[in-house]
Every structure is written in C-alpha cells, then in structure tokens.
Amino acid sequence: MFKNRLETSYKRHLINLAVLISGRGSNMDAILSAIKSGRIRNANPCIVISNKPGTPGLKIASEKYGIDTKVIPSDGLKGWHYDQILVTTLHEHGVTPKSGLVCLAGFMRIISPEFVRQYRMRIMNIHPALLPAFPGLNAQKQALDYGVKISGCTVHFVDEGVDSGPVILQKAVPVTEGDNEESLSARILEQEHKLYPEAVRLFCEERIKIVGRRVSII
Ligand code: GAR
C-alpha cells in the first residue's frame, strides 16, 4: 500500500520555467507578468515553446518579455517521437527534471508517459473546468451541455492520463442563465489568470507537498 505513495517536496532554488502553448497564450502572459512584477519570485523563465507556428503567444513571449521562443511543429509526430524533441529543448534551456517546471498553458497535445515519467510532478496544466468533471476538449461546452450551475478551473500536475493528475488549486465559477460557450469561457478565463500564477508561485516557494494524489499547500 505504501509502495505507491509518492511524497515530494521541493528544495529551495531558482526554478527554471518553460511554458508550452498552442495559441493565444493569455495564461502564459499571466504567469510571465506575475514573474516580471515580482509576485512570483524564484522563477526564471527560460523558454516558451509552441507546437504551432505564428501563434500570438510567441509574439507576447518574445516582444513583451524578451524570452526565448521555439516552434516545434507537431505535424505527423506522435507521443514520445514528438516529446523527445521537447525534452531535448527543455534540457538545452536548463529546464531539467531536477530544477525545472513545465507549464502547459493551452498546449493542445497529450503528453506521452515517457515525458511525464521524466518530469514527474514538474509538469502543470490548467483546465477550464472543475476536474474530474469535463476533462478533454471543449470543457466549457461540456459543462453547458450538461447543465451544471457551477463550473470553474483547475490547475493540476500532469500524469499519464488526460487531465487526471493531482489537483493543486481549483476555483469555482457560476454558470449563469443565458450563458453561452463564449461568455462562460471568458468568465472562467478571468479566474484562470489568477489561479495559474498562484500555483506557480506556490511551487516556486516550495509550498507544495504531494502525498499519493493529495496536494497540500504548506
Ligand atoms: C485556456 O482556457 C485553458 O484552460 C484551455 O485552453 C485555453 C488556452 O488559452 N486549456 C484546455 O482546454 C486544456 N485542456 P490561452 O492560450 O489564452 O492560455
């Protein structure tokens, strides 16, 4: 029983940060802004990687924050065939399993088990629903179609499943009468921009403890 219990704490040092995006990059912007303003200390943003060329997030990373960016196109490459290029790039920029943190911010690819195993509890993701409800794509639409009165967002560590890793932080958001996908997404996104930087801050302050799949803030 205890064999599978995983206890992890993080030693105090500068965390080398990578953000992986596929598009708009507003969550990436929120994280980088929190670092720039000093709200997140102990974080060293090293690289922003996109699987799609020409995404707005890349421009924000390089022009607004002066951070190195790289496009690794995913066309045709699946699973570890793609992720090993990612991992090599992360190492080249100092984002290692020992000193790094990888933030998926609207990165619309499923991470391979090999990548997860190498960076266990060092890959975070944000999802626009209260997991384990509505994992996968179009979470806001799933919530509306189901008819829930409350949805929200979740920051979690990435494990081998889809949106199934240990939950770090969640924020509830009401679904209101007359909401459509756009209005609900916008209301949730507002909270995502607070929640994700907060989770990164806690990680960088070594205040996240994981026992089994329960995350405590210490
Ligand atoms: C965000 O709403 C994020 O939660 C979602 O994509 C959007 C990316 O926006 N992620 C997922 O749905 C992952 N399953 P952004 O590029 O502006 O951060």
Side-chain angles (χ1 to χ4, degrees), residues 17-36 40 43 45 47-65 67 69-74 82-83 86 101-112 115-116 123-146 148 150-175 179-201:
L17 182 77
V19 187
L20 274 51
I21 61 171
S22 295
R24 186 174 53 184
S26 69
N27 277 290
M28 173 212 71
D29 195 358
I31 293 167
L32 296 179
S33 164
I35 294 171
K36 197 175 175 184
I40 299 175
I47 180 83
V48 170
I49 301 171
S50 171
N51 64 327
K52 300 230 165 76
T55 55
L58 287 169
K59 208 168 169 217
I60 296 170
S62 57
E63 290 182 10
K64 189 168 168 190
Y65 298 101
I67 294 171
T69 61
K70 183 160 178 157
V71 176
I72 306 178
S74 43
Y82 179 83
D83 286 354
L86 268 182
L101 174 65
V102 179
C103 289
L104 310 184
F107 186 62
M108 295 308 195
R109 279 184 66 89
I110 292 172
I111 299 298
S112 65
F115 184 13
V116 171
I123 308 174
M124 282 183 190
N125 181 43
I126 186 143
H127 184 73
L130 291 178
L131 291 170
F134 314 126
L137 294 175
N138 308 315
Q140 304 93 332
K141 182 171 186 308
Q142 290 186 55
L144 281 171
D145 290 349
Y146 195 93
V148 293
I150 295 172
S151 191
C153 47
T154 304
V155 180
H156 64 94
F157 285 111
V158 174
D159 69 3
E160 287 86 345
V162 175
D163 299 325
S164 59
V167 170
I168 305 167
L169 295 175
Q170 290 187 303
K171 178 75 184 175
V173 173
V175 180
D179 251 343
N180 56 29
E181 200 180 337
E182 198 180 311
S183 61
L184 179 60
S185 300
R187 194 176 310 112
I188 293 173
L189 191 66
E190 217 178 297
Q191 297 308 319
E192 292 183 41
H193 293 164
K194 295 178 190 159
L195 203 70
Y196 212 171
E198 177 63 5
V200 173
R201 183 178 74 81

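One-based numbering, in listed order, for ligands and for the atoms of each.
From the protein, the heavy atom lying nearest to atom 14 (N) of ligand 1 is H127 ND1, 3.2 Å. The single protein non-hydrogen atom nearest to atom 7 (C) of ligand 1 is R24 NH2, 4.1 Å, given as residue, atom name and distance. In terms of protein heavy-atom proximity, atom 16 (O) of ligand 1 is closest to G25 N, 2.8 Å. Atom 8 (C) of ligand 1 has its closest protein heavy atom at G106 CA, 3.6 Å. Among protein heavy atoms, atom 12 (O) of ligand 1 sits closest to P128 CD, 3.4 Å.
Each of N125, D163, V167 was evaluated against T154; a single residue qualifies, V167, per the side chain to side chain contact (heavy atoms under 4.5 Å, CB included) test.
Interatomic distance, CD1 of I123 versus CG of L101, reported as 9.0 Å (0.5 Å rounding). Summarising the geometry, atom CD1 belonging to I40 is positioned 6.5 Å from atom CD1 belonging to I31; distances are rounded to the nearest 0.5 Å. Here the CD atom belonging to Q170 is positioned 10.5 Å from the NE2 atom belonging to H127, to the nearest 0.5 angstrom.
Which of R109, H193, E192, Q140 comes nearest to atom 4 (O) of ligand 1 through a heavy atom is settled by distance: it is E192.
The distance criterion of under 3.5 Å between nitrogen or oxygen atoms is not met by G23 with respect to ligand 1. Between D163 and ligand 1, no pair of N/O atoms sits closer than 3.5 Å.
Applying the 6.0 Å contact sphere to CG of L189 captures more than 12 heavy atoms from other residues, nucleotides or ligands.
Looking at E192 and P128, their side chains come closer than 4.5 Å, going by heavy atoms from C-beta outward.
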